[in-house]
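All values derive from a computational prediction rather than experimental measurement. Quick note: numbers below take in every heavy atom, side chains included, and nothing from hydrogens, waters or symmetry partners.
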Number of protein chains: 2
Amino acid sequence: MTEVHLRDALDTLKSTGVRITPQRHAILEFIIQSMSHPTADDIYKALESKFPSMSVATVYNNLRVFREAGLVKELTYGDSSSRFDFITNDHYHMICNTCGKIVDFHYPGLDEVEHLASHLTGFDVSSHRMEIYGTCPTCKEHATKVQ
Amino acid sequence: MTEVHLRDALDTLKSTGVRITPQRHAILEFIIQSMSHPTADDIYKALESKFPSMSVATVYNNLRVFREAGLVKELTYGDSSSRFDFITNDHYHMICNTCGKIVDFHYPGLDEVEHLASHLTGFDVSSHRMEIYGTCPTCKEHATKVQ
DNA sequence: TTATTAATTTATAATTGTTATAATAAGTAT
DNA sequence: ATACTTATTATAACAATTATAAATTAATAA
């Protein structure tokens, strides 16, 4: 699964004339296999044992490259730093208000909303984004235990 | 309309023991009457003729007060700074990829999605957020003229 | 009123995520 | 090999936001 995505992504990059460096490969691989929607700093820290001399700028540079190649989506929430999500199927995010955990879930067909919005506003629609907020099972558990 | 919202909002604030200062009043009023989802800096600039000595910190402080009182929602998009939106009915945002314009539209009942997400992930759901991206009529017009 | 206390604003410094710059290194093509 | 492009590194710059401390204002109580 991860391997297929990685191979496809590398092909996409090559086809746009982007060079596959070891750092670039590692960053991309980390994002794909990560289920945690990492921040730039998460990625930097995760790879520092493998690439002790890698610069933060390299992480940011490559995240931009991936974004421009349409491989990665940048997500901004209320908190300070952006999170990065490898683009696969259409999915949405369930976000815990307490611990910040992000869980993906799939839901097809919000086409209806897109159509309505387009009709009401006169926009041409290209994409949409949705997040649902709440409390994850772990935090619920913890809350009941504490009180 | 604006007046009703403002009066309600002031009541909410008073009931939580927050003092209504001139700056606070002006910031709140500006957000409510503004259709443009202003940034902190927008607010600061808009009020500087009225309050020449007002600090940026005051704007941020009060935005936090309003947020904590449930009056205002903070929205982060890809760009650098947060935007603030007075909370009225459930509505979503249509955002232009080209000029960044934000247009509200109303759409009831994404309860179904909330339920599904809750069922799939085990979260308790508190709220959700959705944005749709596209091209606004003005930018479409402009694009056709240019080419 | 006056004194006292708490809340708010102001001015400014500190912090932090991100971007820009310049130098170095690595890969590619002639 | 030489020149040329691209990527990485190290570091400085920037910009949004937050923290801090002093000054101001408002509310309360004697």
Would you kindly give the [atom1]-to-[atom2] distance between [X] and [N], to the nearest whole Å?
X: A/F51; N: D/dA10; atom1: CZ; atom2: P; answer: 14 Å
X: A/L75; N: C/dG17; atom1: CG; atom2: P; answer: 17 Å
X: B/M54; N: C/dT12; atom1: CE; atom2: C1'; answer: 17 Å
X: B/R19; N: D/dA27; atom1: CZ; atom2: P; answer: 6 Å
X: B/Y44; N: C/dA11; atom1: OH; atom2: P; answer: 8 Å
X: B/H25; N: C/dT9; atom1: NE2; atom2: C1'; answer: 18 Å
X: B/D41; N: D/dT17; atom1: CG; atom2: P; answer: 9 Å
X: A/N61; N: D/dT5; atom1: CG; atom2: P; answer: 19 Å

Distance check: side-chain N/O of [X] vs OP1/OP2 of [N], anything under 4.0 Å?
X: A/R24; N: D/dT8; value: yes
X: A/S82; N: C/dG17; value: no
X: A/S53; N: D/dT9; value: yes
X: A/Q23; N: D/dT9; value: yes

> Just checking A/N62: base, sugar-phosphate only, or nothing, at a heavy-atom cut-off of under 4.0 Å?
Replying inline: sugar-phosphate

>> Applying a 4.0 Å non-hydrogen cut-off, can you work out what B/T58 is touching in the nucleic acid: base, sugar-phosphate, or nothing?
In response: base

> Is there a donor-acceptor pair closer than 3.5 Å between any side-chain N or O of A/S118 and the backbone N or O of A/V125?
Replying inline: no

>> Using modelled atom types and a 3.5 Å cut-off, is there a donor and acceptor pairing between side-chain atoms of B/D8 and backbone atoms of B/H5?
In response: no

> After noting the C-alpha distance and the side-chain angles of B/N61 and B/T58, does the key distance pass the side-chain hydrogen bond (donor to acceptor under 3.5 Å, both in side chains) rule?
Replying inline: CA-CA 5 Å; B/N61 287 341; B/T58 300; 5.2 Å; no

Which nucleotide in the list [options] gets nearest to the side chain of [X]?
X: B/Y60; options: D/dT8, D/dT18, C/dG17; result: D/dT18
X: B/S55; options: D/dA7, C/dA11, D/dA16; result: C/dA11
X: A/T21; options: D/dT8, C/dT8, D/dT9; result: D/dT8
X: B/A57; options: D/dA19, C/dT9, C/dT18; result: D/dA19

> Does the side chain of B/T39 reach to within under 4.5 Å of the side chain of B/F84, using non-hydrogen atoms?
Replying inline: no

>> Nearest heavy atom decides the nucleotide; on that basis, is B/S81 or B/R64 closer to the 5' end of DNA chain D?
In response: B/S81

> Can you tell me how far CG of B/D85 sits from CD1 of B/I31, rounded to the nearest 0.5 angstrom?
Replying inline: 9.0 Å

